[in-house]
Amino acid sequence: MDRRSFFLAAAAPCLAATADKDARFIVEARFYEKLPYKKIKCTLCPRECVIDDRERGYCGARENRGGIYYTLVHSRVVSAHVDPIEKKPLFHFLPGSLAFSLATAGCNVNCKMCQNWEISQVRPEQVPATYLPPSQAVDIARRSGSRSVAYTYSEPVIFYEYMCDTADAARKAGIKNCVITGGFIRPDPLKELCRRVDAIKVDLKAFSEKFYKEIVNGEMKPVLDALVLMRKLGVWSEIVYLVIPTLNDGDNEFRGLAKWVKSELGTDIPVHFTRFHPQYLLKNLPPTPVKTLERAKAIADAEGLSFVYIGNVPGHPGENTYCPKCRRPVVERIGFTVKAKRLRKGRCQYCQHPIAGIWEA
Amino acid sequence: MHPQVSRRSLLLGALAAPGRARVIVARDPRLQSPGQGSGLNTGRLIALLDRAVPPENWRRVVRPGETVGLKVNCLAGKGISTHVALVEAICERLQQAGVSRRNIIIWDRLNSDLESAGFRISESRDRIRCFGNDTAGYEDELTVSGAAASMLSKTLTRLCDAIINLPVLKDHGIAGVTMALKNMFGAIHNPNKYHPNACDPYVADVYRMPAIQRKVRLTICDATTAQYEGGPSFMPHWTWPCNTLLVSEDPVALDTVGWQIIEQKRAEKGLKSLKSLKREPAYIATAARYGLGVNDLRRIDKIEV
């Protein structure tokens with residue numbers, strides 16, 4: 001039985017319960033302020049939408065009903081798979097393990113290059129969903145042999161309450177939690193989240209506010225602030241930078257990013273430069289030349305970052321983890337598969353140098 | 001082609017001069033009066049509609065055999081949505097113009113919104129249909145227009161040949177005002193994405209999507225009750241019995257005139273102008289720049305009837 005078949009079999013009772021008007025999906029939001037005249041201000045993400053009664057925020061997944069703010073997507077899963085953790089990608093977090101991966105509909109930005117726009121840029125009622133409460137999600141994770149639950153595909157910040165409740169249940173069951181996010185979240189909810197999860201991968205879309213404004217429909221500074229806070233709170237973090245031809249592929253941008261990472265986050269945070277493929281609203285651009293990714297890696301390496309990867313180019317040596325001291329490969333990968341792991345208790349097998357990351361459950 | 005010089009411009013019995021637009025302002029101070037509650041005098045409402053759009057002129061708006069969609073605005077519930085009585089009167093006039101009742105569809109975003117405004121959901125093909133986009137669904141493909149990229153309601157794209165736009169006259173806390181142009185946010189799957197920057201240029205970008213721009217034949221703005229502050233939600237203390245219908249083939253001109261009415265009421269109530277509050281509806285000017293209509297009051301003929 002393959003992974004997808006396993007999931008479908010395990011989730012069959014839940015799938016049968018699909019009902020898009022089900023009150024089970026609707027739970028009061030945790031971060032908002034009540035304003036006069038039944039208006040509310042959402043305080044989950046930096047957008048801070050002020051929302052009238054019967055209206056929704058930018059994400060489309062939260063609604064003001066009579067002055068009380070609700071998430072509409074608790075346990076309302078639109079995508080669920082058992083994935084290799086390398087697909088996230090998280091390279092320094094339980095390599096070679098499986099992650100039970102969940103998403104609901106909605107997103108708090110609108111990236112023109114989104115690869116999951118059919119679920120991220122729609123409202124919850126516009127896509128088929130499955131009722132999958134936290135306990136059942138964790139049960140499927142356990143039965144599938146997943147060592148973590150991954151909150152991913154769309155934008156987990158907008159299904160914050162479901163993510164937190166599932167993370168609590170997973171932790172109780174001895175399963176770790178990882179978040180795949182754009183990092184567009186306010187400090188208070190991020191602090192609460194960091195108490196519950198073990199790893200966060202942040203899609204840093206570019207190193208320019210202009211790009212964030214024009215291509216992402218968001219802001220960069222809150223994302224940088226969130227990265228700093230994650231590191232301060234000790235949550236394992238990795239950065240993915242999708243390199244898009246002509247839009248965010250300048251040497252100065254790569255250098256600026258590397259310098260900022262080194263000074264604000266340190267040299268041991270992994271940075272993945274990944275290959276863009278044309279989709280959604282950027283179908284007019286070509287895939288990223290591999291040489292551009294190699295140039296980005298060379299610049300970041302030269303600035304002193306220890307773990308710089310090339311992504312979406314299966315078989316490229318830039319997928320491997322090299323010991324920063326002896327330069328030998330300590331984790332070898334091809335695509336999402338780990339071919340060899342030469343680590344012992346988080347140290348290089350050859351020279352015993354500690355390699356930053358979470359290597360064992 | 002400018003909307004006011006199209007073949008349908010015979011609506012009012014005469015063509016508007018080139019570069020100009022016409023907005024009919026039909027008022028009846030006794031349409032509703034204090035003490036009547038929310039009840040409209042239905043007979044007076046029908047008479048007002050007939051003054052705004054003479055019954056014989058409906059044949060110039062729609063043709064027998066066409067399927068006509070009535071895009072209402074029901075987001076705010078019964079307090080300030082397109083009135084059922086007005087929609088019923090328009091359905092009557094459409095049928096008299098030769099449109100079969102089976103070819104009339106009352107629609108908005110959600111069934112629940114329609115129900116909250118007093119409409120009854122009906123998908124039966126032997127009567128006037130009424131349903132939300134959640135019943136009809138959306139196209140799978142995106143329509144891209146300027147800064148907007150959306151999936152369009154199948155009611156608009158597949159079911160209807162012509163649209164009569166039936167907004168209400170309201171203040172809007174983000175967009176400034178909401179009337180003809182913004183009502184078409186109800187035709188897309190992702191209006192929540194297009195409220196930054198006071199909805200500019202998104203409202204204009206959505207309206208100029210070909211399926212919208214080409215199909216909307218006429219706007220009749222239900223300003224029987226209007227709201228000058230606190231929108232888009234219904235705030236009864238900021239509404240007033242405006243007792244008016246605004247009618248135009250030019251959505252930009254209609255929004256310009258409606259905005260003026262809101263500003264006048266705000267001034268009368270001692271409230272600051274939308275411009276000074278930095279929520280001037282800039283999307284109206286953008287729509288004019290796109291050629292969707294006229295926003296210069298000097299080039300808009302307001303015809304009081």
Side-chain angles (χ1 to χ4, degrees), chain A residues 20-21 35-42 46-67 72 105-114 117-128 158 212-219 279-284, chain B residues 73-81 109-113 116-117 132-151 153-154 170-175 178 185 188-197 199 202 227 229-238 279:
Chain A
D20 63 1
K21 289 183 179 174
L35 302 176
Y37 303 111
K38 294 184 180 177
K39 292 176 192 277
I40 66 93
K41 181 167 89 170
C42 180
R47 207 173 281 282
E48 296 187 328
C49 296
V50 173
I51 303 164
D52 273 33
D53 187 18
R54 299 167 61 109
E55 292 270 24
R56 295 190 193 177
Y58 185 89
C59 63
R62 292 163 180 272
E63 186 169 286
N64 178 352
R65 295 185 175 183
L72 308 178
C107 185
N108 57 353
V109 292
N110 185 4
C111 303
K112 290 184 176 176
M113 64 287 194
C114 185
W117 69 271
E118 289 100 335
I119 58 171
S120 69
Q121 300 304 321
V122 298
R123 293 176 168 222
E125 66 275 15
Q126 292 167 353
V127 281
I158 65 92
Y212 264 84
K213 184 179 178 190
E214 294 175 359
I215 307 296
V216 176
N217 291 292
E219 298 169 68
Q279 51 206 334
Y280 190 37
L281 302 176
L282 289 183
K283 289 181 179 165
N284 57 322
Chain B
N73 187 311
C74 300
L75 178 68
K78 244 179 186 165
I80 186 153
S81 292
R109 286 188 320 147
L110 299 170
N111 287 338
S112 57
D113 284 355
S116 73
N133 296 335
D134 43 348
T135 290
Y138 294 91
E139 295 291 345
D140 293 332
E141 295 296 317
L142 286 167
T143 298
V144 180
S145 170
S150 302
M151 294 185 285
S153 162
K154 287 179 182 171
K170 279 196 298 189
D171 168 83
H172 191 290
I174 297 170
T178 172
F185 265 21
I188 60 174
H189 84 288
N190 56 349
N192 47 300
K193 296 296 183 191
Y194 299 137
H195 283 75
N197 197 41
C199 303
Y202 307 107
Q227 185 169 320
E229 171 72 358
S233 295
F234 175 50
M235 299 284 173
H237 49 292
W238 285 318
R279 57 186 181 95

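All values derive from a computational prediction rather than experimental measurement. In what follows, chains are A, B, ... by sequence order, proteins preceding strands, each numbered from 1.
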Worksheet entry | Separation between CG of B:Asn133 and CZ of A:Arg123, rounded to the nearest 0.5 Å | 10.5 Å

Response to the item:
Minimal heavy-atom distance between A:Leu281 and B:Leu142, with the atoms involved, is CD2-CD1, 4.0 Å

Practice prompt. Tell me, with the steps shown, if A:Glu55 and B:Asn192 meet side chain to side chain contact (heavy atoms under 4.5 Å, CB included).
Written response: CA-CA 9 Å; A:Glu55 292 270 24; B:Asn192 47 300; over 6 Å; no

Item to complete: Write down the atom of B:Met235, the atom of A:Tyr37, and the distance for their closest heavy-atom approach.
Response: CE-O, 3.2 Å

Worksheet item: Do you know the tightest heavy-atom contact between B:Lys193 and A:Val109?
Response: NZ-O, 3.3 Å

Worksheet item: At a heavy-atom separation under 4.5 Å, does A:Cys59 approach chain B through its side chain, its backbone, both, or neither?
Response: backbone

Discussion item. I need the A:Cys49 SG to B:Ile174 CD1 distance, nearest 0.5 Å.
Written reply: 7.5 Å

Worksheet item: With distance as the sole test, does A:Gln126 use its side chain to make a donor-acceptor pair with the main-chain N or O of B:His189 at under 3.5 Å?
Response: yes

Fill in: Heavy-atom pairs under 4.5 Å with chain A, option from B:Ala147, B:Gly173, B:Gly77, B:Ser112 with the top count
B:Gly77

Worksheet item: Would you call B:Ser116 and A:Arg54 a side-chain contact if the rule is heavy atoms closer than 4.5 Å?
Response: yes

Worksheet item: Can you name the residues that form a salt bridge (Lys or Arg N to Asp or Glu O under 4.0 Å) with A:Lys39, not counting sequence neighbours?
Response: A:Asp52

Discussion item. Which atoms of A:Asn217 are under 4.5 Å from chain B, going by heavy atoms: the side chain, the backbone, both sets, or neither?
Written reply: side chain

Worksheet item: Between B:Tyr138 and chain A, which part of the residue has a heavy atom less than 4.5 Å away: side chain, backbone, both or neither?
Response: side chain

Discussion item. Tell me if the NZ atom of B:Lys154 is crowded by more than 12 foreign heavy atoms within 6.0 Å.
Written reply: yes

Worksheet item: Is it the backbone or the side chain of B:Asp140 that comes under 4.5 Å from a heavy atom of chain A, or both, or neither?
Response: backbone

Fill in: Spacing of A:Gln121 atom CD and B:Met151 atom CE [to the nearest 0.5 Å]
9.5 Å

